[in-house]
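Some notes on the structure that comes next.
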Amino acid sequence: GLAAFYERLLECLKDPAFRDGQWHLLECRPAWSGNPTCDDFVAFSWTGPGDRRRLVAVNYSGHRSQCYVAMPWGDLAGRPWRLTDRLGPDAYDRSGDDLYAGGLFYDAGGTGAQNIARWNGSRWYALGNGIDSAVYALAASGTDLYAAGYFYTAGTASANSVAKWNGSSWSALGSGLNGYALAAAVIGTDLYVGGEFTTAGGIPAVNVARWTGSSWSAVGSGPNGVVTSLCAAGSTLYMGGDFDDGGDVPADHIAKWDGENWSGLGDGTDALVYGIGVVGGDVYAGGEFMTAGGMPSHYFGRYLAPMTVTTPNGGEEWEAGSAQTITWTGTAANVKIEYSTNNGATWTTLVESMANTGSLYGMVPYTPSSQCLVRITDTDDISRSDTSDAAFTISGFTLTSPNGGEQWMERSSQTITWTRYGSIPTVRLLYSTNDGGTWTEITAGTANTGSYPWTIPSTISTQCLVRIRDAADNNPYDTS
């Protein structure tokens, strides 16, 4: 309804590009000769921080109108890019300087074009003989354009529901699908298609499949219902549709493929998802649903990027007292940062609350252990947290003897012992007879074996201490 539209509009207006970006009024040109409805439009662009680019076009008339908008970003020429509708589920891929449109039609701007056409900025062109039936999805990879839908012929080539246009001719992708496709996306050089089918290229593939450029393969075991939307974000593929199993995992109408496994996005939605977009790590979905993640969300919802610790994430070795940077990703206003030295049995707070900058630079605490973890938590929703995938090491030492209360006779033979963490090769040992006021060297360097034989000097005192240090840089250290 109208209220939902304005909610989406207000959410879009929070974008920093509209506050801090550079604004341009754009020229609106006729979509084709003799079409005056371009005068019904006003169009603007914003270029904001982080190379954010936003295009706004408003039709002020009470009827459908068409126009061509002259884009202000010349650097987009000659390379693929995508226009994503921020108020709806649609996305439009452009290959180089040209815009392609697919559907069910026989004419584009007065040019005979069967179900697919190209717009070069001033007029429409056919793509060969076109496609014999409906085109539901397009995806670009370099100079190649993929079309997916419910058809049998592309140009003069027999092509079952998916085909490739190389700029001059159509070709099939193996034997294609035994059903139809509603969605397409490209990751790297691989094409993913989704729809309703059970084989791709004769290979079992349920409702979603991958084309490598030479062969088809399944994408996991596939969802148990039709796929209506695919969206690529980096190396991750998002899938929406009418299913409650995303491939042997519970996934209500929306799921994520990480290259190896499918997973659901929280509690998903309560009905079909038609479109998916990803902005800044957050996943947006539109469809027929009334709830998303178990919360009221009429027809449109946002899944916040999960909190993910990226460093340290397992296997690192950080010296106690050294300067290091904790890093993470995820959507949150503020985060809490904690660490554990006993594999998560107990936690110590580093920062109770800080702005979600994605990193924290500081000194590693003097708590040597090989069972260390870091945890990041959204302070507004403590259920949204992440912990290092595996333990890392805070390298250093813990003196075990002498560590207070011992009585060692002068000129007696004793053994200094310590627990070692990490891979520090050589240690330096010192002692004090005035409670740390001054220090005398026992050895400038000995192998970090965990023990050292010592003949007690003739310096009687009740205020003796022993200290162990990294021989290379005197840090880290521990004292009785």
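In what follows, residues are counted from 1 in the order of the sequence shown. The structure presented is a predicted model; accordingly, all values stated were derived computationally and were not measured.
Taking both residues in full, the closest heavy atoms of Leu138 and Gly102 are given as CD1-N, 3.7 Å, listed atom of the first, atom of the second, then distance. A pairwise comparison of heavy atoms in Val335 and Ala332 identifies CG1-CB, 4.1 Å as the closest pair. A pairwise comparison of heavy atoms in Gly422 and Thr393 identifies N-CG2, 3.7 Å as the closest pair. Ala333 and Asp380 get closest at one heavy-atom pair: CB-OD2, 4.0 Å. Annotation for Trp262 and Val249: closest pair O-CG2, 3.6 Å, computed over non-hydrogen atoms. Scanning all heavy atoms of the two residues, the minimum distance from Val273 to Ala285 falls at CG1-CB, 4.1 Å.
Rounding to the nearest 0.5 Å gives a distance of 12.5 Å between CD of Glu316 and OG of Ser395. A distance of 4.5 Å separates CD1 of Ile376 from CD1 of Ile337, quoted to the nearest 0.5 Å. Taken to the nearest 0.5 Å, the OH atom of Tyr299 stands 10.5 Å off from the CZ atom of Phe289. A distance of 6.5 Å separates OG1 of Thr331 from CZ of Arg384, quoted to the nearest 0.5 Å. Rounded to the nearest 0.5 angstrom, Trp328 CH2 and Met307 CE are separated by 7.5 Å. The line from CG of Leu265 to NZ of Lys256 is 6.5 Å long, rounded to the nearest 0.5 Å.
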Please test Leu350 against Ile326 for side chain to side chain contact (heavy atoms under 4.5 Å, CB included), starting from the C-alpha separation and ending with a verdict. CA-CA 11 Å; Leu350 286 173; Ile326 297 170; 3.9 Å; yes

Check the pair Leu173 / Lys164 against side chain to side chain contact (heavy atoms under 4.5 Å, CB included), numbers first and verdict last. CA-CA 7 Å; Leu173 276 60; Lys164 182 180 76 172; 3.7 Å; yes

Take Leu127 and Tyr100 through the side chain to side chain contact (heavy atoms under 4.5 Å, CB included) test and state the conclusion after the steps. CA-CA 9 Å; Leu127 273 64; Tyr100 294 84; 3.7 Å; yes

Check against side-chain hydrogen bond (donor to acceptor under 3.5 Å, both in side chains), Thr325 and Ser359: CA-CA 6 Å; Thr325 302; Ser359 65; over 6 Å; no

Between Asp107 and Trp124, is a side-chain hydrogen bond (donor to acceptor under 3.5 Å, both in side chains) present by the stated rule, with each step listed? CA-CA 9 Å; Asp107 182 275; Trp124 288 98; over 6 Å; no

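A distance-only check finds no donor-acceptor pair linking the side chain of Gln324 to the backbone of Trp318 [under 3.5 Å]. Of the possible polar contacts, none joining the Asp389 side chain to the Gly314 backbone as a donor-acceptor pair under 3.5 Å is found. Checked by atom type and distance alone, the side chain of Asp242 never pairs as donor or acceptor with a backbone atom of Gly225 at under 3.5 Å. Side chain of Asp132 to backbone of Tyr152: a donor-acceptor contact under 3.5 angstrom is found. Listed for the Ser133 side chain is a donor-acceptor partner under 3.5 Å among the backbone atoms of Tyr150. The main-chain N or O of Thr379 is never found under 3.5 Å from a side-chain atom of Asn334 such that the two would form a donor-acceptor pair. Put simply, the side chain of Thr349 never gets that close to the backbone of Glu352: no donor and acceptor are under 3.5 Å apart. Side chain of Asn343 to backbone of Gln371: no donor-acceptor contact under 3.5 angstrom is found. Side chain of Thr377 to backbone of Lys336: no donor-acceptor contact under 3.5 angstrom is found. The main-chain N or O of Gly222 is never found under 3.5 Å from a side-chain atom of Asn207 such that the two would form a donor-acceptor pair.
When the options Leu237, Thr236, Ile276 are evaluated for a side chain to side chain contact (heavy atoms under 4.5 Å, CB included) with Cys231, the one that passes is Ile276. The one candidate from Asn160, Leu177, Val206, Asn178 that meets the side chain to side chain contact (heavy atoms under 4.5 Å, CB included) condition with Thr199 is Asn178.
Remark: Arg302 fails to qualify as a cation-pi partner of Phe300 under the 6.0 Å distance and 45° angle criteria applied to the six-membered ring.
The side-chain heavy atoms of Pro306 and Asp386, taken from C-beta on, include no pair separated by under 4.5 Å.
Atom CG of Leu10 has more than 12 neighbouring heavy atoms from other residues, nucleotides or ligands inside a 6.0 Å radius.
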